[in-house]
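Heads up: numbering here begins at 1 and tracks the sequence. Scope of the values below: all heavy atoms of this structure, side chains included, with no hydrogens, waters or symmetry mates.
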Amino acid sequence: MLLFTMCLGLFGVINPVSAASESNEPAADMGLTQQEKTWLKNHQTIRVHNETSWGPFNYYEFGRPKGYSIEFMDLLAEKLGIQVQYITGPSWGEFTNMLANKDLDVMLNIVETEDRSKFILFTDPYFNNPPGIAVRDDNNEVRDLRDLNGRVLAIPKGFFYQETIEKHYPGIQLLLVSDQLEALKAVSFGHADATISGVAVQNFVIRNHMLNNLKVIGGIDNPLFNIDLRIGIRNDWGIFQGILQKALRSVTGQERDRLARRWLSSGLQSTQVLQLDKDEKAFLEANPVLRVHNELNWPPFNFNEQGKPKGYSIDVMNLIARKTGFRIEYISGPSWGDFLAMTKDRQLDVMLNVVNTPERREYIRFTRPFAYNPNVITSKKDQRYESIDQLNGKTVAITKGSFYEEVLTRDYPNIKIHYVEDVLDGLKAVSIGKANASLAEAAVVNHLIARNLMNDLSITGEVELGQPDLANLRIGVRSDWPILQGIMDRAIESISREEMALISKRWMGNENYVARPKNGMELNEAEKAWLANQPNITFCANPDWMPLEKIGQGGKHEGMVADYLNLMANQIGIGLTMVQTDSTSQSLQYAQNRRCDIMSAAFETPEAARQLNFTKPYLRLPLVIAIQENAMFVDGLKSLDDQVIAVPSGYGLLNKLQQDYPSLKVIEVDDITEGLRQVEEGRLFGMIGAIAPVGHAIREGRFINLKIGGRLDEDWKLAIAVRNDSPELLSMFNKATDYITEEERSRVFQRWVAVKFDQQVNYDLVWKIVAIIFVIMLGIVLWNWKLARLNRALKTEMGLRNAAEARLQDANDALSSKNRELSILSTTDSLTGLSNRLYIETQLNKVLDDDATFVVMLLDIDHFKQINDVYGHLEGDEVLKRVATVLSQHSRENDLIGRWGGEEFMLVLPNTSGSMGFRLAEKLRTAIAAEQFGEVDHVTASIGLAECHGPGNTARQLVLRADNALYSAKSKGRNRVIADIQSELA
């Protein structure tokens with residue numbers, strides 16, 4: 001054993017023994033036999049494999065084993081009263097050989113195969129990790145395993161996929177590497193087309209190693225690739241296999257949930273505040289503000305945008321500041337070399353994302369790494385350099401002062417160095433031919449290539465210098481502050497996996513989403529009882545406030561608000577009766593005095609809130625300012641301190657603006673039209689109001705000398721005001737507000753806000769011109785001396801006309817552009833980018849008219865309400881958008897996909913049999929289950945199918961059949977496909 005340990009010390013790393021139990025006695029409730037207990041006493045230390053990079057299950061970081069499988073094994077060891085000695089260093093294939101040769105006792109997270117069963121004993125599965133394919137972001141050709149035929153697939157040598165692919169997919173070319181990180185790098189750098197592994201593993205490695213040009217897709221629904229993680233035991237330890245089986249069964253659901261929350265969820269925990277000792281507190285008091293470097297252009301880690309520091313490293317530093325209590329002063333502007341010089345001269349306290357080199361250690365103290373960012377070679381796509389040795393004799397662009405300068409000068413004297421200010425300049429140098437290649441960091445290069453559309457460049461190799469630490473990003477502290485280095489080190493160690501995952505998610509793919517409502521409104525018992533006693537609701541409206549609302553001829557309620565109110569009433573199932581009023585103020589007074597139950601559109605103000613309750617806003621309108629045509633555009637209200645502006649009375653804007661902008665001169669006018677008239681006459685600088693009524697008033701009042709001169713930073717939020725003695729009514733309208741779909745909002749917008757211009761002839765102007773010409777003709781003999789003056793007058797008049805015609809042409813161009821936008825809005829779901837319900841219904845009817853065989857599919861995301869409740873609507877929207885992407889990626893070109901409503905999607909599959917539709921549905925279900933959904937992690941979907949094979953079917957019947965099948969799928973446990981009984985889809 002001693003000899004083996006010495007040999008293995010040269011081969012890999014033997015980690016310190018993990019103490020599992022002080023008593024070294026197994027738990028009494030596992031039902032171990034006396035023989036098994038005796039065996040455990042004689043085998044107190046078990047040698048277990050630990051991989052270098054297979055997170056979140058089994059990996060090695062900062063000097064110790066980590067991951068779900070590691071902690072699961074520690075839990076089993078604790079229950080059994082034994083100790084674990086983790087072995088780190090060998091590759092996967094070497095680990096399996098060690099187990100076969102009895103040089104290793106246990107392998108974690110291993111999949112059972114026929115060949116492995118000859119020399120390994122397996123426990124029951126303890127976790128299932130759905131498989132997925134990882135490809136580059138720009139690869140839209142690979143969707144499933146069949147697309148890999150004739151392509152290169154990178155996988156770890158000896159992994160169970162190798163055996164399966166060689167036997168069942170001989171057309172796939174295998175690139176065998178040491179571990180999953182190397183496989184993902186091979187794809188990222190273009191050496192392979194794809195790699196496959198468990199989805200959780202791929203997403204973890206991609207995130208932690210900044211390989212942000214990769215994406216993980218589904219497409220593996222073959223049971224041969226099912227990843228049931230088991231524990232593998234050397235085959236001469238059958239008794240230990242039985243012991244581990246009993247230990248596995250003793251793990252409680254609560255214990256499994258704890259491990260899953262720690263390693264397999266992404267929820268952000270509350271920030272852990274670091275406890276400082278006496279000396280550290282004294283240092284903080286003496287140095288409360290740290291001067292930290294902020295680069296101008298090193299995205300996604302550290303850059304400056306519009307004067308604000310941003311990036312992955314900035315977020316890490318800000319998190320450390322919250323944990324420690326330091327305040328941060330970011331220094332922007334100097335070059336990288338200048339920052340290093342400032343740190344050396346102690347004009348700068350901290351440098352972020354800095355690499356540890358011997359030269360820098362003379363004046364910088366380095367923390368532990370907080371990120372790993374591989375160093376890569378970038379060149380033209382048609383001129384590849386896979387290693388740094390191939391760059392001898394070539395010109396290479398590097399940032400002045402970067403660690404590459406130190407390495408190339410010392411070790412690669414034959415490489416010609418082209419110095420640049422930053423990574424972007426280096427990429428530009430390669431693009432225009434000033435350099436053959438550039439050296440920089442993978443995540444930065446990927447970000448800049450995509451952002452600057454440098455489609456002629458590509459990462460072609462990795463800078464392998466035999467110093468893997470050069471890819472680690474650390475925080476650098478000035479050398480005379482060792483106490484700060486210690487504080488920073490502890491702060492980085494205290495950053496949880498969830499906190500780091502949230503930062504990674506933001507900067508390795510940082511789209512923002514707008515919250516979307518749920519679907520399927522239900523009333524509670526109290527609301528139903530209230531409606532039973534009062535089924536009809538009275539309302540007051542704004543009499544003249546178009547295009548939002550007005551009381552038209554015969555007391556008819558019209559406008560956007562009227563449409564929204566009807567949608568909500570239909571959701572609740574109530575009738576509405578209008579109480580007619582003469583003004584907005586009278587409507588508000590009636591609502592406050594309970595002469596009507598609700599006011600259809602109101603703004604919540606402190607005064608009104610004393611007597612009324614307000615729903616959540618159902619319509620948000622940008623606040624704009626209308627100014628004269630020749631005035632400069634307004635850049636914020638703070639620039640208007642010396643100007644007088646107007647707001648319409650009755651909406652609470654006066655008080656709000658006076659509170660937010662006390663130096664602003666604001667007056668109230670009776671209505672928007674009156675305010676616009678005073679602006680046109682020059683008595684006011686501008687008129688503030690919501691964009692829809694302001695635009696309507698400008699158009700209807702023909703204020704041709706006015707324009708929208710700027711948008712304010714906030715929106716006008718329209719809500720329903722409800723009498724405050726009816727909480728049930730408030731609750732119902734709040735629910736109904738949530739269930740207005742994007743399709744319905746689009747239709748309302750298109751109906752009332754579509755811009756219209758009436759092109760009319762100005763006959764007054766025509767007659768004026770004729771009269772002028774007539775006078776000129778009569779007086780041509782007697783008043784020649786007046787001719788020049790009259791000609792000048794005519795030219796002026798024609799100039800005005802030409803200017804008016806030019807403005808009219810601009811307006812027509814704007815109208816055409818707006819109509820194109822509205823056309824897209826009317827057929828597209830704004831959140832997912834798919835077809836909306838109205839459009840997919842139209843397409844369904846067209847397919848139905850063809851009398852061909854086709855399939856209708858309804859797909860519903862399982863437990864979506866729970867997702868919204870637990871993670872919030874923002875994450876719910878992210879799930880909806882990602883599901884839409886998966887559906888688009890894994891469906892056929894002629895399939896029609898739309899958002900049916902809420903979390904439900906419809907697919908119409910033309911010229912498709914029932915059996916073919918069933919297989920496609922299974923493929924989509926598997927792809928969704930394999931997808932990684934950020935903070936939510938994984939979701940599943942239920943699918944219902946209905947087949948149409950001939951005349952006699954209606955769209956309503958087909959949808960109803962598919963919906964019934966969907967209901968059956970959900971009632972039978974979800975995450976399954978059910979076909980309508982009229983279809984033969986087996």
Side-chain angles (χ1 to χ4, degrees), residues 62 209-210 290-304 309-321 326 328-376 398-410 419-423 426 439-445 447 463 465 467-482 484-493 495 500 503 507:
F62 303 143
H209 294 273
M210 312 296 175
L290 298 179
R291 296 166 298 178
V292 179
H293 104 286
N294 169 226
E295 300 179 50
L296 295 178
N297 194 20
W298 206 63
F301 290 99
N302 191 340
F303 62 105
N304 191 289
K310 290 184 177 182
Y312 185 100
S313 302
I314 298 295
D315 278 6
V316 169
M317 190 66 234
N318 290 339
L319 179 59
I320 290 174
F326 285 103
I328 306 299
E329 177 188 357
Y330 286 107
I331 309 299
S332 304
S335 67
W336 178 260
D338 291 336
F339 275 130
L340 289 173
M342 291 170 65
T343 307
K344 193 172 186 178
D345 296 334
R346 297 171 184 172
Q347 299 173 7
L348 194 68
D349 303 324
V350 172
M351 284 194 71
L352 304 177
N353 41 261
V354 64
V355 172
N356 184 354
T357 68
E359 182 180 338
R360 294 173 180 173
R361 284 198 291 271
E362 295 177 5
Y363 58 96
I364 295 178
R365 293 179 177 271
F366 292 92
T367 67
R368 65 192 310 117
F370 69 87
Y372 177 85
N373 192 18
N375 307 301
V376 295
I398 61 171
T399 303
K400 180 68 175 176
S402 67
F403 79 91
Y404 299 108
E405 181 180 1
E406 180 181 341
V407 172
L408 294 185
T409 303
R410 183 185 66 237
Y419 291 108
V420 292
E421 285 296 320
D422 55 35
V423 176
L439 305 184
E441 295 71 29
V444 180
V445 171
H447 186 96
V463 182
L465 302 170
Q467 304 175 57
D469 190 51
L470 294 178
N472 288 325
L473 300 184
R474 304 171 185 266
I475 293 177
V477 178
R478 48 189 280 186
S479 59
D480 61 331
W481 281 0
L484 180 59
Q485 177 196 19
I487 295 173
M488 291 290 178
D489 251 331
R490 289 173 50 221
I492 293 173
E493 174 67 14
I495 297 176
M500 194 62 83
I503 295 174
W507 294 109

Hey, could you give me the CD1/CD distance between Ile398 and Glu406, rounded to the nearest 0.5 Å?
11.0 Å

Show every salt bridge (Lys or Arg N to Asp or Glu O under 4.0 Å) that has at least one partner inside residues 311-321, sequence neighbours left out.
Asp315-Arg506

Could you please spell out the steps behind the side-chain contact (heavy atoms from CB on, under 4.5 Å) verdict for Trp298 and Thr399?
CA-CA 11 Å; Trp298 206 63; Thr399 303; over 6 Å; no

Asn356 side chain to Asn472 side chain, donor-acceptor N/O pair below 3.5 angstrom
no

Minimum-distance pair of heavy atoms, taken over all atoms of Ile328 and Ala321:
CG1-CB, 3.8 Å

Donor-acceptor pair, side chain of Arg478 and main chain of Leu348, under 3.5 angstrom:
no

Partner set under side chain to side chain contact (heavy atoms under 4.5 Å, CB included) for Thr367, not counting sequence neighbours
Arg474, Ile475, Met488, Asp489, Ile492

Closest non-hydrogen atom pair, Ala443 against Pro300:
O-CD, 3.6 Å

Closest heavy-atom pair, Arg360 versus Ser402, reported as atoms and distance to 0.1 Å, is NH2-C, 3.3 Å

Flag this pair as yes if the NZ/CZ of Lys400 is under 6.0 angstrom from the six-membered ring centre of Tyr419 and inside a 45 degree cone about the axis; otherwise no.
yes

Can you find a pair of side-chain heavy atoms, one from Asn302 and one from Ile314, that are under 4.5 Å apart?
yes

Any donor-acceptor N or O pair under 3.5 Å, side chains Glu441, Asn353
no

Who passes side chain to side chain contact (heavy atoms under 4.5 Å, CB included) against Glu362, sequence neighbours left out?
none

Determine, step by step, whether Met351 and Trp336 satisfy the side-chain contact (heavy atoms from CB on, under 4.5 Å) criterion, reporting the C-alpha distance in whole Å, the side-chain angles of both residues, the deciding distance to 0.1 Å, and the verdict.
CA-CA 10 Å; Met351 284 194 71; Trp336 178 260; 3.6 Å; yes

Tell me, do Phe303 and Pro309 make a side-chain contact under 4.5 Å, heavy atoms counted?
no

Got a sec, which residues hit side chain to side chain donor-acceptor pair (under 3.5 Å) with Glu421, two or more places apart in sequence or on another chain?
none

Test side-chain contact (heavy atoms from CB on, under 4.5 Å) on Ile503 and Ile495 and set out the steps.
CA-CA 11 Å; Ile503 295 174; Ile495 297 176; 5.8 Å; no

Using 30° and 60° as the class limits, which term best fits the ring planes of Phe301 and Tyr312: parallel, tilted or perpendicular?
perpendicular

Show the numbers, then the answer: is there a side-chain contact (heavy atoms from CB on, under 4.5 Å) between Val477 and Asp349?
CA-CA 6 Å; Val477 178; Asp349 303 324; over 6 Å; no

Here the pair of heavy atoms bringing Ile364 nearest to Ser479 is N-CB, 4.2 Å

Quick one: does Phe326's side chain get under 4.5 Å of Leu484's, heavy atoms only?
yes

Between the OG1 atom in Thr357 and the CD atom in Glu405, the distance rounded to the nearest 0.5 Å is 10.5 Å

Do you know the tightest heavy-atom contact between Leu290 and Trp481?
CD2-CZ3, 4.1 Å

Quick one: side chains of residues 338-346, donor-acceptor pairs under 3.5 Å with protein atoms, not counting sequence neighbours, listed by atom name and distance.
| unit_1 | atom_1 | unit_2 | atom_2 | d |
| --- | --- | --- | --- | --- |
| Asp338 | OD2 | Ser335 | OG | 3.0 |
| Thr343 | OG1 | Phe339 | O | 2.9 |

Would you call Ile331 and His293 a side-chain contact if the rule is heavy atoms closer than 4.5 Å?
no

Heavy-atom check, side chain of Leu439 versus side chain of Asn375, under 4.5 Å
no

Which residues pass the side chain to side chain contact (heavy atoms under 4.5 Å, CB included) test with Leu296, not counting sequence neighbours?
Asn304, Ser332

Are Tyr330 and Asn318 linked by a side-chain donor-acceptor pair shorter than 3.5 Å?
yes

If you look at every heavy atom in Ala491 and Ile320, which pair is closest and at what distance?
CB-CG2, 3.8 Å

